[in-house]
Amino acid sequence: MRCLLFLFLLVFGADAAGAQQMLHRRVLLMGSRFDLTVVAANDIAGNAYLDMAIGEIARIERLISSWDPNSQTSAINANAGIAPVRVDRELMELIERSIALSELTDGAFDISYASMDNIWKFDGSMVRMPAPEVVKKSVEKVGYKKIILDTKKQTVFLSQKGMKIGFGAIGKGYAADKAKELLMANGAVAGIINASGDMNTWGKQPDGSDWMVAITNPMNKNKAFAELPLRQGAVVTSGDYERFVEFDKVRYAHIINPQTGYPATGIISVTVFAPSAELADALATSVFVMGKEVGIDRIDQLPQVACIIIDDQGAVHKSKHIRINEK
Ligand code: AMP
Ligand code: MG
């Protein structure tokens, strides 16, 4: 299970006779579970849409994955400090938007965090804190300003040896947006792309009602504390219950502060509502790093964006624009 702040969809009234069909499929892509739902006139059309969504997400994974040695992202990383790498316009634009998000979040979000993956392991294999000198050294290879783009030549250059980029904090949101866009363009009237909690919806359920999202506090998962309709937008939760390390009773999340080299503390989950899943994904990760006060302050300045934070004491903090019906 990925999210502490548990998001799930309540789906009602699907397959009435003669009505539209609602089809689901669960697949493993980008190292995560994707739950796909489409509303279609019949099974054949619905399955074709699901195949289309899966094809699109797999295509994006091949382009942006830093785990796949054949991806363009891996080529950029392998050439850090050596040479610029020519990439597809799509990847170039994703990197451009990632850099804009770094600027928007004062560097809390930074795809070049990835070189620090070597010193922090969140799979249970880490037994002690890394030495402060090691952490300090790791930060030297991080910094979005050292990602050099040449838009004319369409190249990306990581200017320092050992630098690495990774899209762990934005890629699933981007893929969810692209899959939704493709299905809508091909006439799918409604659906949900749920990338392990990075959720994007469009249209309505077959019975005409809105898709509903229920939010539970991780400290009391059995009872939803809020339910709300999700119309066109996206909702994303950062906060991985199983991916953290604990030393001296301090819990370190798998999200790293690029400025200090240490993982974020104090928050166990952040949910962001935004017009796109990509933006929500990147901002949810950033709020972790910025902390609750700065995070909420920053979210409040963005139009059509809202967030809910659960801190490590179980307390719920909401941004100004949040309109939820608490139960
Ligand atoms: P998310 O679940 O969207 O919050 O993404 C978390 C993942 O993003 C981590 O597992 C890392 O792969 C990556 N990541 C960690 N820290 C940062 C950061 N400060 N900026 C961008 N990506 C990060
Ligand atoms: Mg994210």
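When a ligand or atom number is given, it counts from 1 through the structure's own listing order. For the single chain, residues carry numbers from 1 onward in sequence order. A quick note: this is a predicted structure, and the numbers were derived from the prediction, not measured.
For Asp281, the N/O/S atom at the shortest distance from the Mg ion (ligand 2) is named OD1.
Taking 2.8 Å as the threshold, Ile170 does not count as a candidate ligand of the Mg ion (ligand 2), since none of its N, O or S atoms lies below it. The nearest N, O or S atom of Thr285 is closer to the Mg ion (ligand 2) than 2.8 Å.
Here Ala108 has backbone heavy atoms under 4.0 Å from ligand 1, and that is the only part of it that gets that close. Contacts between Ile255 and ligand 1 below 4.0 angstrom, taking non-hydrogen atoms only, involve backbone and side chain alike.
Of all atoms in ligand 1, numbered sequentially from 1 with element shown, those under 4.0 Å from a heavy atom of Gly168 are 3 (O), 5 (O), 7 (C), 8 (O), 12 (O). For ligand 1, the atoms closer than 4.0 angstrom to any heavy atom of Phe109 are 20 (N), 21 (C).
Among Ala169, Gly239, Gly31, the residue whose heavy atom sits closest to atom 8 (O) of ligand 1 is Ala169. By heavy-atom distance, the residue among Asn257, Ile256, Thr285, Asp198 lying nearest atom 16 (N) of ligand 1 is Ile256.
Contact between Ala282 and ligand 1 is absent, with no heavy atom of the residue lying under 4.0 Å from the ligand. At least one heavy atom of Pro258 sits closer than 4.0 Å to an atom of ligand 1.
A donor-acceptor contact closer than 3.5 angstrom links the side chains of Asp88 and Gln72. Side-chain contact of Arg33 with Asn194: a donor-acceptor pair under 3.5 Å is absent, judged by distance alone. Side-chain contact check for Gln160 and Lys146: at least one donor-acceptor pair (N or O, by modelled atom type) lies under 3.5 Å. Between the side chains of Asp35 and His24, no donor N or O sits under 3.5 Å from an acceptor N or O. In the model, Asn200 has a side-chain atom that pairs as donor or acceptor with a side-chain atom of Lys180 under 3.5 Å.
The side-chain hydrogen bond (donor to acceptor under 3.5 Å, both in side chains) analysis of residues 54-64, with sequence neighbours excluded, yields the pairs Glu56-Arg59, Arg59-Glu90.
A donor-acceptor contact shorter than 3.5 Å links the side chain of Ser319 to the backbone of Cys307.
Between Ser238 and ligand 1, an N or O atom pair is found at a separation short of 3.5 Å.
A single hydrophobic cluster is seen to contain both Val134 and Met129, as judged by linkage of ILVMFWY side chains at heavy-atom distances under 4.5 Å, directly or through other members.
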